[in-house]
Number of protein chains: 2
Amino acid sequence: MRIGELAARAGVSVRSLRYYEEQGLLTSTRSASGQRHYTDDEVERVTFIQRLYAAGLSSRTIYELLPCVDAPSEENSDAALERMAQEHDRLSRHIDELIHTRDALEGLMATNRAHRETLRATAAC
Amino acid sequence: MRIGELAARAGVSVRSLRYYEEQGLLTSTRSASGQRHYTDDEVERVTFIQRLYAAGLSSRTIYELLPCVDAPSEENSDAALERMAQEHDRLSRHIDELIHTRDALEGLMATNRAHRETLRATAAC
DNA sequence: CTTGCCTCTGACATCCATGTGAGGTTTTAG
DNA sequence: CTAAAACCTCACATGGATGTCAGAGGCAAG
């Protein structure tokens, strides 16, 4: 498929796909006229990349992890595996933090709703 | 306390504190010479602001939520409360997404480690 | 062939929290 | 009193993923 279709299927912009390629995260075969072509597999790859971005990884970091993704068997993924463990831990801490924040928001909402009830009760009396 | 101490206690830069004030997230009393002074409570407030930033809220959004935080009793926090529910949901979805990503990373790590074992066994034989 | 849509490269623009530096005043320690 | 350290304002810089525009070429349908 060409870049527009991949973009549509993966839910990202064409611009982003070109950027991913520039960062070494994605490869394409080129037609004689220079247009990029992709296989169906790339859809999944792109959504995974997106997922990593959403988890706060940078292009550079994702690039370092890719050996583990591409060749789940190669031995060169030594540093990649360590990097992955590192990011996994960072992500875990971040998740904990977010859950904490969500709890705080819930607390505030409860407090506010409770007060609203109080107000209504007062108004009623 | 003055701005430097608040920065140190809350673990943020002085620059950031001035920025928070500019965004209406933080207030300070000024000494005759114009220096900012804060109460102990502001430490907690700043860390909470930081937490919200870390959760992906923008200054604008945080600003909109503050009525709920400051006056857990005022009636003007109507829009604020709704905004809060909105952000709470967004955060929940984001957390789910991150957990999914973390699981994916774990899967990859397991696969890679398994292969490493295989390699070692092969080498041993 | 022409029209319309897709793609190419390259470059500049944007957002937003934060860094950084200049030039000047205030506070504190010796 | 003096020097160091902290503070003030203003303003420009940064990073990183993405948007956007310009100018040119590619490709399918009528």
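For clarity, every value in this text was computed on a predicted model and none was experimentally measured. Atoms considered below: every heavy atom in the structure, side chains included; atoms not considered: hydrogens, waters and symmetry mates. Here is the naming used below: chain letters follow the sequence lines, and residue numbers restart at 1 for every chain.
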### Query
Between A/Gln50 and A/Tyr20, is any pair of side-chain heavy atoms under 4.5 Å apart?
yes
### Query
Taking everything shown except A/Glu82 itself, do over 12 heavy atoms lie less than 6.0 Å from its CD?
no
### Task
Taking only the side-chain nitrogens and oxygens of A/Arg36, find out if one of them lies under 4.0 Å from OP1 or OP2 of C/dT7.
no
### Residue pairs, two or more places apart or on separate chains, that pass salt bridge (Lys or Arg N to Asp or Glu O under 4.0 Å) and touch residues 17-38 of chain A
A/Glu21-A/Arg30, A/Glu21-A/Arg36
### Task
Please tell me if the side chains of B/Tyr38 and B/Leu26 come closer than 4.5 Å, counting only heavy atoms from C-beta onward.
yes
### Task
Can you see which heavy atom on A/Ala55 is nearest to which on A/Arg90, and at what distance?
O-NH2, 3.0 Å
#### Entry: Sidechain N-carboxylate O distance under 4.0 Å for B/Glu97, B/Arg93
no
### Task
Step by step, work out the side chain to side chain contact (heavy atoms under 4.5 Å, CB included) result for A/Tyr53 and A/Leu25.
CA-CA 12 Å; A/Tyr53 274 127; A/Leu25 312 181; 3.5 Å; yes
### Query
Just the endpoints, please: which first and last nucleotides of DNA chain D, 5' to 3', lie under 4.0 Å from a heavy atom of chain A?
D/dA17 to D/dC27
## Note on the structure
On a heavy-atom basis, the closest approach of A/Thr47 and A/Ala10 is CG2-O, 4.1 Å
### Message
Each nucleotide in nucleotides 15-30 of chain C should get exactly one letter: B, S or -. Can you fill that in based on protein heavy atoms under 4.0 Å?
### Response
-SBBBB-----SS---
